[in-house]
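Below is one structure, written out as structure tokens; comments come after it.
Each chain gets a letter, A, B and so on, in the order the sequences are listed, and its residues count up from 1.
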There are 2 protein chains.
Amino acid sequence: MLRIGSSVEYATRLMVRLAAEADGATLSAERMSALENVPRDYVDQILQRLRRAGLVESRRGAQGGYKLSLEPSRITIGRIVKAVDEGVFEAVCGRYSAGDTKCSHSDGCGIRPVWERLGLFVEEYLDNVTLAELLEPELGVSARVKHLFGAER
Amino acid sequence: MLRIGSSVEYATRLMVRLAAEADGATLSAERMSALENVPRDYVDQILQRLRRAGLVESRRGAQGGYKLSLEPSRITIGRIVKAVDEGVFEAVCGRYSAGDTKCSHSDGCGIRPVWERLGLFVEEYLDNVTLAELLEPELGVSARVKHLFGAER
DNA sequence: TCAATCTTGATTAGATAGGTCAGGTATGTT
DNA sequence: AACATACCTGACCTATCTAATCAAGATTGA
């Protein structure tokens, strides 16, 4: 139901590594692979997805490498997750629709809203944790997401 | 990352059906299969898991069937999910551990707490939605889960 | 007894996740 | 210019998991 896949885990670690790098110094994929013990080719693949999402910049050729596109405080875990994990919050209807075009419980019962709301909660949670906080864990995130529970369904 | 699988979706629908049944009337697996358009044998399998979790009771033989073990207001979606979805919140460490026994980011950075907290978050959310509310969607759940955000990491 | 119905556990087909591979393109250094 | 370094692209493979099926049995009501 809730599962942190390897690509999400690795992407987060790579981003933390880059964030920890002094000023705008670059790190090569090779080096990151060694540091995090993630398969070399897989690192490439993940970094490309992060680059296409605009989270990292690359420089090719000798002495090339990667660096963050934004300040760590402006990069959320939510963006990282969405960059590498295409179908993060999978739609529920119309998967498993009860025969016809719409869910058999589409009116009169509240199953769907429960899943939808759960998805929104998870998404908002992740959008409220920044890379900067991962470097300084003591900051905490909970204070900033309290507002999520202010609205009624 | 977050995915409502068929077993969770079906189990929830079946439980809602049973909850909607007047007093303690039973419904056969056959009937539920037809009502929800879920494969007959699959309904069996799911109902057994719900039974072993103590959420439904069964009566065998002719005129047999299933009914809820508890009042709808005392059955949470969390319990349903845990009943049918064995590894709901999968551990992250030590999957993908960076080579040695412990995660390379095990101290000094806050990756793991983010996932752990997310898991707790989802779990608590689901534990605060009851079957009774699914029958009367207007009640809403958000008010009751506000406290989840009171504690700091 | 017989039919309805739950019970158990094994098995299978398809999808997905995780990782690999082969080739290409750009850039710094000599 | 040549070469090594390093990013770039997309196809490919494979083990695991999900969803569903199947087969055989055990209870119970009429």
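Between B/Ser6 and the phosphate of D/dT18, there is no side-chain N or O to OP1/OP2 separation shorter than 4.0 Å. Residue A/Arg3 has no polar side-chain atom (N or O) positioned under 4.0 Å from OP1 or OP2 of D/dT16. Close to C/dT7, at under 4.0 Å from its OP1 or OP2, lies a side-chain N or O of B/Gln48.
A straight line from CZ of A/Arg60 to P of D/dC7 spans 10 Å, rounded to a whole angstrom. Separating the CZ atom of A/Arg49 from the P atom of C/dG19 is a distance of 11 Å, rounded to the nearest angstrom. For B/Glu86 and D/dT16, the CD to C1' distance is 16 Å, given to the nearest whole Å. In this structure, the CG atom of A/Leu47 is 14 Å from the P atom of D/dA6, given to the nearest Å. The distance between atom OH of B/Tyr10 and atom C1' of D/dA20, rounded to the nearest whole Å, is 9 Å. Note: CZ (B/Arg51) to P (C/dG9) measures 11 Å, nearest angstrom. Atom CZ in B/Arg40 sits roughly 9 Å away from atom P in C/dT5 (whole-Å rounding). Straight-line distance from the OH atom of A/Tyr42 to the P atom of D/dC12: 19 Å, rounded to whole Å.
Annotation for A/Met1 and A/Leu118: closest pair CE-CD2, 3.9 Å, computed over non-hydrogen atoms.
How far CG of A/Asp85 is from OG of A/Ser6: 9.5 Å, rounded to the nearest 0.5 Å.
You'll find a donor-acceptor pair under 3.5 Å spanning the side chain of A/Gln45 and the base of C/dT20, going by distance alone.
Within the 4.0 angstrom heavy-atom criterion, no nucleotide atom of any strand lies near B/Arg31. Counting any heavy atom pair closer than 4.0 Å across all strands shown, B/Gly61 reaches a base atom.
Using modelled atom types and a 3.5 Å distance limit, the side chains of B/Glu133 and B/Thr130 yield a donor-acceptor pair.
Between B/Tyr125 and A/Phe121, the ring planes are perpendicular. Angles over 60° get that label, and only those under 30° would be called parallel.
Between A/Gln63 and B/Gly64, it is B/Gly64 whose nearest contact on DNA chain C lies nearer the 5' terminus. Residues A/Ser58 and A/Ala62 each lie close to DNA chain D; by heavy-atom proximity, the contact nearer the 5' end of the strand is made by A/Ala62.
With respect to B/Glu86 and B/Arg49, no salt bridge is recorded, no charged nitrogen being found less than 4.0 Å from a carboxylate O.
Listed nucleotides: C/dC6, D/dC8, C/dG28. Nearest to the side chain of A/Asp44: D/dC8.
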